[in-house]
*Asks:* 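Can you read through this structure? Questions will come right after.
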Amino acid sequence: MNAALPFLPPSASTIAGEFNILFAGLLAITCAVLGLVVVLMFRFCAHYRRNNEAADRGHQTEKSWHWEVGWTAASFVVFLGLYAWGANIYLREHHPPPDAQDIYVVGKQWMWKIEHPGGQREIDALHVALNRPVRLVMTSQDVIHGFFVPAFRLKQDVLPGRYVTLWFDPDRPGRYALYCSQFCGTAHAEMGGEVTVMAPGDFQQWLAANASDATLSGDGAVLFHKTGCDGCHGAGARVAAPKLAGLYGGPVALRDGGSAIADEDFIRGAILEPAEHQAAGYEPVMPSFAGQLDEEQVVALVAYIKSLGSAPQ
Amino acid sequence: MTATTIVELPRPRGDSYLTDGTTLSSWLLTHDHKRIAILYCLSITVFFFIGGAAAALIRLNLITPRGLLLDAETYNRIFTLHGVVMVWLFLVPSIPTTFGNFLLPLMLGAKDLAFPRINLLSWYLFVLSGVIVLAGLIGGSVDTGWTFYEPLSSGYASGALVVVVGGIFVNGFSSILTGLNFVVTIHRLRAPGLTWYRLPIFCWSTYATSVILMLATPVLAVTLLLVAAEHLWGVGVFDPAHGGDPLLFQHMFWFYSHPAVYIMILPGMGVVSEIVPAFARKPLFGYHFVAWSSVAIAVIGFLVWGHHMFVAGESIYAALVFSFLSFIVAVPSAIKVFNWLATLHKGSISFEAPMLYALGFILLFTIGGLTGLFLATLAFDEHVTATYFVVAHFHYIMVGGMVSAYFAALHYWWPKVTGRLYPESWARFAAILIFFGFNLTFFPQFILGYLGMPRRYATYPPEFQVWNVFSSAGASILAAAYVLPLFYLTWSLFRGERAPGNPWGATGLEWQSASPPPTDNFERTPRVTRPPYDYPEPAA
Amino acid sequence: MSEHVLEKQFVDLAHQSETAELGIWGFIATEVLFLGGLFAAYGFFRYLHPAAIAQAAAHTDLKIGAANTALLLTSSFFMSWASLAARDGESRIVARVMFVAAALGVVFLGLKAIEYTDDIHEHLWPGPGFSLPTADPKAGEVFYFIYWLLTGIHALHLMAGIGAILVIANRARHGVFTRAYHAPVRVVSLYWHFVDIVWIFLFALIYLPGRGG
Ligand code: HEA
Ligand code: HEA
Ligand code: CUA
Ligand SMILES: [Cu+2]
C-alpha cells in the first residue's frame, strides 16, 4: 500500500464495515453543520460589512428565545441520534459470540506475546483464521499497553493485574498492522507487529507447522502439579478445597456473602489474591501465588482450569 | 517602562498604572491587579515559547519515519515537556491570569481584586512552579506524557518525576488562589447597579472558569501527591503490584483534566463574546443563553471524565453513561456558536485584527468541537482513541480556538493595557497566516489518526510519512506566524501611536477608563444603569 | 501600619469582613475536594481489600486517637467562644481563649508525635522495613501508606491553623478587634472548625474499622 495520499485504512473485520458507515454518517453531519456555520458567517460578514451602506440593519430580532430553543433542540436531537448509533455498535463490539476462539495475549515492555490454545506461541504476530470469531484474553506483565489493529477498528488497553478481552471476526485475508496504542515507555513506538488473517485451510497448516509439544492447557496441567495446586485441589487431597472442574463461567458464592462469575479474571484473582476471592464454605488456607508465577504461567493455569469444563449455562 | 520620554502628547507622571512607580520592586511587590497581569503575561509568553520550541522539535523529528534527529527516549521527554508546559504553564493560566486579572476589576467598576496580596502570591507560586517543573523536565528525564498514567509513572519513571509532579502541585495552589480571588471578587465587588445580568459575558465565563479552578484543581493536587508518594515509598493505591488499581488513577486524573479542558476554553469563549458585538456594533444575541451556557458547561463538565477511558477497561455501562453526558455537555457550546453567528446578522461589521482572530476562533473551535463529538461516539472512539485524531481534536480547540482567542484578546485590549496602537496591517497579516498555518499543521493529523497512526510515537511506519511532512510544513508557517506579533507588538510599545481611551468605540466599563488606566482604575466608582453591549440600533 | 485598615477596593469595613468570610468559605470548599479526593482513594482501596484494611486498622492506637478527638473538640469550643467574644468587641478575652485553643492544638500534636514514634517502632512505616501480618500483606502496607498521608496532611493543616491563631491572638491581645472589625477572628475560627471536622472523619475512617463486632 503505497498510494501517494492514503485516506482510508483497510477494513478486515465484520465491525469495520459497520464502522465505515458510522464514519460516513458522522462525516456527513459534520460537513453539513460546518457548512452551515461557514456559509452563515461568510454571508453575514460580506453583507453586513460596515462599508455596505445598502444593507438593511433595521428590525433586529428582539425576542430570541424561539431561536434558542430551536437550535438547542435541533442539536440535541442530532446528538441523541449519534449517541445511540455509536453505542449500539459499541455494545456489539463488547459481546463476543459464544463460539469465539480464545487466544491469550500477554503484553510487556515492549512486545506482545501470543499463546494459542494449541500451544503455538508467537511474538509480535498473530495468526487467525478467516471468518472465525476470535476472543483475545489479555493482560500485561508491567505497565498498561494498548492492543490496536486499525484494520479491525478495534482497540483495548491491556492492564496489569487483570484480564481484559477483545473480540473480532476477521472477514478479509491479508496482513494488517498491529500497534501498541497506550504509551508504555521508551520503545512504545516499536511495540507492534502484524495480524495475519488466513483462509481456514492455510490456518490449519500454520497451526500444524508451529505446533509445540504441549497445548497451553497441557502446560497448565504440568504446572498445576509442579506448583502444588493438586495438593489441595487434586483428586485425593485431604485439604477441603473446591473442585475446579466445571468452575469456569458459573457463579461462585463468596465468603462475604456476595457472589461472582468465575471468568478468567476471577480465576486469575483466586490464584494471585486468594484473600480477596474467598469462596464460601471453605477455610481461607490457600496461599497467594503472587510473585511465584509469571503472567504466562498464570495464563497456562487458567487455560487448564477452563479445560476442566465449564459450568452448564 | 520609560515611555514618558516621548514628547508629543505629554502625560503627567503617575497618571497611569504604568508610570506609578518605575523601580523593579514597584513591579515585583505590586498589589495592582494590572501590573500583576503584566507580570503573568511576560511569564506565560516565556513558557509558550519553551513549549513551542518543544513542538518544533516534535514536528522536526516526525518528518522522517525513523525520526529525524531524536532518539526515542529524548522524543518521549520532549512531548512530555511540550504537554506539561503548554497545559499548566501556558494555556490554563493564559487568559484568566492576564486578561482576567487586568479586566475583571475594570469591568466590575472596582479598584482591585478582593485579595490583592493573594493575587501577588499566586504569581510567585506560578513562577516558582514553572521553575520547578522545568528543572525536573529538562534536568531529569521524565517521559510519561502529560497524563502520568500509572503504573508507568510511579513504577518505571526516574526520580525527577517527583520534582515535576511537585511543581505541578505548587502550580495548583496558584490556580486555586486565582480562582478563589475571582469568584469572591465577582460576588462582592460589583459596582452599584451592576447586576448579574449587566455583567459582560467575559465576567460570566471567568466566573465559570474560576469555579472549575477551585473545585477541580484540588483533586489533581491530591492525585499527584499520591503518585509522588507511591513513587517514593514503593507502595500505594494505584499499582496493581500492591493490590492497587491503575484505573483509579485515571478516574482521579480525568476528574480534574476534563473540567480543566473547559478551563482552557471558557475564557476564550468569553473574549469572543466581547469582541463579536464590539466589531458588529450590535448587542450580543441571546445574552442570557450565552451567560448560562458557560455555567452549564462548568457544571456538566464535571460529569464526563470517563470519556477518556472508553477502551481503558472501564465497564461498558460506565462508557454508555459517559458517552451520553459528553453529548449533553456539547449542547451549551452549540448554543454559543449559534448565538455568535446570530450576533453578526444585521450588524455593521468591520474586520480589524481582533475580529479576524475571533472569527478564526469560531471556525476552528467548531471543527475541534465537532470532532469531539466523533470521539464521544463510542464505536468511533474505539478506533481513533490514542491516535493523532485525538491530537488533532484538541489542538483544534486549544491552539486553533484558545490560542487564537488569546491573541484576539491581546490585540483587542492592547491599547487599553499599554496605551499604544499596534500596526494594523501587520496584525491582520499575522492573524491570517496563523489561520492557514494552523490548518496545514493539524488537519493532516485527523487523517493520520483515522489511518491508525498512534500518538506518542517517536518513529512510525513509512506509509504515514506524507501527512506528517504536510503537518511539519504547516508547523513551520505557524511558528513564524506566532513570532511575528512578538516583534510588532514590542515595536508598538515604543513607537506605536498613542491610543485613545476607547479606540474601538466599544461599550464596557473598561473602555471608560483612560488608556492606560490610572492605578485606581476610576476616579469615582461608576454607577451602572444599562445592560452590556448597549450598541444603538441603526434606523431602518 | 495602622491596624484596621480599610483596603481601597472595599466600601466599608462590613463589606471587607463579609468578603473575607466568603473567601475562607471558598477556600474550605477547595480543601473539601482535596481531602475528599484522598478519602475517595482510600474508600476505593478499602472496597477492594476490606479484610486486610480491617486487620491493619486494628493496629492503630485507639487511645491516642480518641484523646486527640476530645482535644480538638474542646479547642473548637474555645474557638467558638473567641468568635462570640469578638462579636462583642472583647478583644482581650478573644486573645485568652484563642491561646487556650492553640495550646490544645499543640497538645494534640504532641500526642500525635508520640503515636508516630510508636508506629515507627512497630515497623508501620511503609517501605522495606514494614511488617504487619494481614490477610494480604501488601494491602496492610497500603493502609499505613494512607494513614501516614492523611494524618500527616491533617497535622500540617493543624500547624498552619495554630500559626494563624497565634498571629491573630497576638493582635487581639493589643485590643485590635472591635464590634465593627473582627473578621480575622471569624476567618481563623471557621478554618479551625474545618480542620476539626476533618479529624472526626479521619478518626472514624482510620481508627475505627475492624474494631468492635
Ligand atoms: C480546550 C480543550 C477542549 C475542549 C473544549 C474539548 C471539548 C470536547 N471534547 Fe475534547 N479533549 C481535549 C481538549 C478539549 N476538548 C484534550 C486535551 C483531549 C485529550 C487528552 C489526552 O488524552 O491527552 C481531549 C479528548 C477528548 C476525548 C477522548 C478521546 C480519547 O482519548 O479517546 C473525547 C471523547 O469524548 C472528547 C470529547 C469532547 C467533546 C464532546 C467536547 C465538546 O465540549 C465540544 C463541543 C463543541 C461543539 C460540538 C462544536 C460547536 C457546536 C455546533 C456548531 C453545534 C452543532 C452541531 C451539531 C448539530 C452536530 N475530547
Ligand atoms: C495546550 C496547549 C498546546 C499548544 C499551544 C500546542 C501547540 C502545538 N503542538 Fe501540541 N500538545 C499539547 C498541547 C499544546 N500543543 C498537549 C497537551 C499534547 C499531548 C502531550 C502528550 O501526549 O503527553 C500535545 C502533543 C503534540 C503532538 C503529539 C506528539 C506525540 O503524540 O507524539 C504534536 C505533534 O505534532 C504537537 C504539535 C504542536 C504544534 C506544532 C504546536 C504549535 O501550535 C506550536 C507553535 C508555536 C511555536 C512553534 C513557537 C514558536 C517558537 C519558536 C519558533 C522558537 C523555536 C525555537 C527553536 C526551534 C529552538 N503537540
Ligand atoms: Cu506498549 Cu505502548
Ligand atoms: Cu474530556
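Protein chains get the first letters and strands the later ones, always in sequence-line order, with residue 1 at the start of each. Just so it is clear, the model here is predicted, and its values are computed rather than measured.
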*Asks:* I need the residue from Gly286(B), Ala334(B), Ala157(B) with the largest number of non-hydrogen atom pairs under 4.5 Å to chain A.
*Replies:*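 Result: the option with the highest number of such pairs is Gly286(B).
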*Asks:* What part of Trp467(B) lies closer than 4.5 angstrom to a heavy atom of chain A: side chain, backbone, both or neither?
*Replies:*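 For Trp467(B), the contact with chain A is made by the side chain alone.
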*Asks:* For the residue pair Ser11(A) / Asn20(A), report whether a side-chain donor-acceptor contact shorter than 3.5 Å exists.
*Replies:*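 Result is yes, a qualifying pair exists.
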*Asks:* Do other residues, nucleotides or ligands put more than 12 heavy atoms under 6.0 Å from Phe443(B) CZ?
*Replies:*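 Check fails, neighbour count at 12 or below.
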*Asks:* Let me know if Phe148(A) has heavy atoms under 4.5 Å from chain B in its side chain, its backbone, both or neither.
*Replies:*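 The side chain, not the backbone.
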*Asks:* Is chain A contacted by the side chain of Ala330(B), its backbone, both, or neither, given a heavy-atom distance below 4.5 Å?
*Replies:*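 For Ala330(B), the contact with chain A is made by backbone and side chain together.
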*Asks:* Flag the pair His383(B) / Tyr450(B) as yes when their ring centroid distance falls below 6.0 Å, and as no otherwise.
*Replies:*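 Ring-ring flag for His383(B)/Tyr450(B): true, centres closer than 6.0 Å.
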*Asks:* Measure distances from Pro461(B) to the heavy atoms of chain A and classify the residue's part below 4.5 Å as side chain, backbone, both or neither.
*Replies:*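 Just its side chain gets close to chain A.
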*Asks:* For Tyr460(B), which atoms come within 4.5 Å of any heavy atom of chain A: side chain, backbone, both, or neither?
*Replies:*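 When you check distances to chain A, no heavy atom of Tyr460(B) falls under 4.5 Å.
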*Asks:* Chain A heavy atoms under 4.5 Å from Val384(B): which part of the residue, side chain, backbone, both or neither?
*Replies:*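 Just its backbone gets close to chain A.
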*Asks:* Please look at Glu18(A) and chain B and tell me whether the side chain, the backbone, both or neither of the residue comes under 4.5 angstrom of a heavy atom of that chain.
*Replies:*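 When you check distances to chain B, no heavy atom of Glu18(A) falls under 4.5 Å.
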*Asks:* With ring pair (Phe, Tyr, Trp, His ring centres under 6.0 Å) as the test, pick out the partner of Phe446(B) among Phe470(B), Phe374(B), Tyr396(B), Tyr388(B).
*Replies:*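 With Phe446(B) as partner, ring pair (Phe, Tyr, Trp, His ring centres under 6.0 Å) holds for just one option, Tyr396(B).
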*Asks:* Within 45° of the ring axis of Tyr535(B) and under 6.0 Å from its six-membered ring centre, is that where the NZ or CZ of Lys282(B) lies?
*Replies:*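 No, Lys282(B) does not lie over the aromatic ring of Tyr535(B).
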*Asks:* Relative to chain A, which of Thr371(B), Ile367(B), Leu341(B) shows the most heavy atom pairs under 4.5 Å?
*Replies:*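 Of the candidates given, the most pairs with chain A belong to Leu341(B).
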*Asks:* Are the ring centres of Phe289(B) and Phe338(B) closer than 6.0 Å?
*Replies:*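 No, too far apart.
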*Asks:* Is it true that Glu194(A) and Arg175(A) have a side-chain N and a carboxylate O under 4.0 angstrom from each other?
*Replies:*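 Judged by the 4.0 Å cut-off on N to carboxylate O distance, Glu194(A) and Arg175(A) do form a salt bridge.
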*Asks:* Leu159(A) versus chain B, heavy atoms under 4.5 Å apart: side chain, backbone, both or neither?
*Replies:*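 The side chain, not the backbone.
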*Asks:* Phe19(A) versus chain B, heavy atoms under 4.5 Å apart: side chain, backbone, both or neither?
*Replies:*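 Side chain only.
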*Asks:* What part of Leu36(A) is in contact with chain B, defined as an atom under 4.5 angstrom from a non-hydrogen atom: side chain, backbone, both or neither?
*Replies:*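 For Leu36(A), the side chain is the part near chain B, not the backbone.
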*Asks:* Less than 6.0 Å separating the ring centroids of Trp146(B) and Phe253(B)?
*Replies:*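 Yes.
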*Asks:* Taking atom CZ of Phe42(A) as the centre, does the number of heavy atoms from other residues, nucleotides or ligands within less than 6.0 Å exceed 12?
*Replies:*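 Counting neighbours around CZ of Phe42(A), 12 or fewer heavy atoms of other residues, nucleotides or ligands fall under 6.0 Å, so no.
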*Asks:* At a 4.5 Å cut-off on heavy atoms, which part of Leu359(B) comes close to chain A: side chain, backbone, both, or neither?
*Replies:*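 For Leu359(B), heavy atoms of backbone and side chain both lie under 4.5 Å from chain A.
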*Asks:* Between the side chains of Lys155(A) and Glu93(A), is the shortest nitrogen-to-carboxylate-oxygen separation below 4.0 Å, so that they form an ion pair?
*Replies:*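 Salt bridge flag = no for Lys155(A) with Glu93(A).
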*Asks:* Side chain, backbone, both or neither: which part of Thr144(B) has a non-hydrogen atom closer than 4.5 Å to chain A?
*Replies:*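 Contact with chain A is through the backbone of Thr144(B) alone.
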*Asks:* Flag the one option from Ile316(B), Asp245(B), Thr366(B) with the top tally of heavy-atom pairs under 4.5 Å to chain A.
*Replies:*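 Highest number of pairs under 4.5 Å: Ile316(B).
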*Asks:* Heavy-atom distance under 4.5 Å to chain A: side chain of Tyr75(B), backbone, both or neither?
*Replies:*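 Neither the backbone nor the side chain of Tyr75(B) comes within 4.5 Å of chain A.
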*Asks:* Tell me, side chain or backbone of Ile15(A) under 4.5 Å from chain B's heavy atoms, or both, or neither?
*Replies:*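 Answer is neither: Ile15(A) stays 4.5 Å or more from chain B.
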*Asks:* Which bit of Asp239(B) is near chain A, if near means a heavy-atom gap under 4.5 Å: side chain, backbone, both or neither?
*Replies:*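 Answer is neither: Asp239(B) stays 4.5 Å or more from chain A.
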*Asks:* Can you say whether Tyr149(B) sits under 4.5 Å from chain A via the side chain, the backbone, both, or neither, judging by heavy atoms?
*Replies:*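 The side chain, not the backbone.
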*Asks:* Tell me, for Asn88(A) versus chain B, whether the close heavy atoms (under 4.5 Å) come from the side chain, the backbone, both or neither.
*Replies:*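 Neither part.
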*Asks:* Quick check on Arg455(B) against chain A: is it the side chain, the backbone, both or neither that has a heavy atom closer than 4.5 Å?
*Replies:*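 Backbone of Arg455(B) only, per the 4.5 Å heavy-atom cut-off to chain A.
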*Asks:* Do you know which of Ala241(B), Ser350(B), Ala72(B) has the most heavy-atom pairs with chain A at a distance under 4.5 angstrom?
*Replies:*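 Looking at each of Ala241(B), Ser350(B), Ala72(B) in turn, Ser350(B) comes out on top.
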*Asks:* Give a yes or no on whether the backbone of Val311(B) and the side-chain of Gln156(A) come within a donor-acceptor separation of less than 3.5 Å.
*Replies:*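 Flag set: sc Gln156(A) to bb Val311(B) pair under 3.5 Å.
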*Asks:* Check whether the ring centres of Phe380(B) and Phe389(B) lie less than 6.0 Å apart, and answer yes or no.
*Replies:*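 Yes.
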*Asks:* May I ask you to check whether His188(A) and Phe183(A) place their ring centers less than 6.0 Å from one another?
*Replies:*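 So the answer is yes for these two rings.
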*Asks:* Quick one: of Asp381(B), Leu247(B), Val337(B), who has the most non-hydrogen atom pairs under 4.5 Å with chain A?
*Replies:*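 Highest number of pairs under 4.5 Å: Leu247(B).
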*Asks:* Applying the side chain to side chain contact (heavy atoms under 4.5 Å, CB included) criterion to Arg268(A), which one of His277(A), Glu273(A), Glu295(A) satisfies it?
*Replies:*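 Answer after filtering His277(A), Glu273(A), Glu295(A): Glu295(A).
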*Asks:* Please look at Tyr317(B) and chain A and tell me whether the side chain, the backbone, both or neither of the residue comes under 4.5 angstrom of a heavy atom of that chain.
*Replies:*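 It is neither, since no heavy atom gets under 4.5 Å.
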*Asks:* Does any non-hydrogen side-chain atom of Leu448(B) lie less than 4.5 Å from one of Thr387(B)?
*Replies:*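 The answer is no; the side chains never approach within 4.5 Å.
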*Asks:* Checking Glu150(B) against chain A: side chain, backbone, both or neither under 4.5 Å from a heavy atom?
*Replies:*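 Backbone of Glu150(B) only, per the 4.5 Å heavy-atom cut-off to chain A.
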*Asks:* Flag the one option from Met355(B), Arg456(B), His288(B) with the top tally of heavy-atom pairs under 4.5 Å to chain A.
*Replies:*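 Winner by heavy-atom pair count: Arg456(B).
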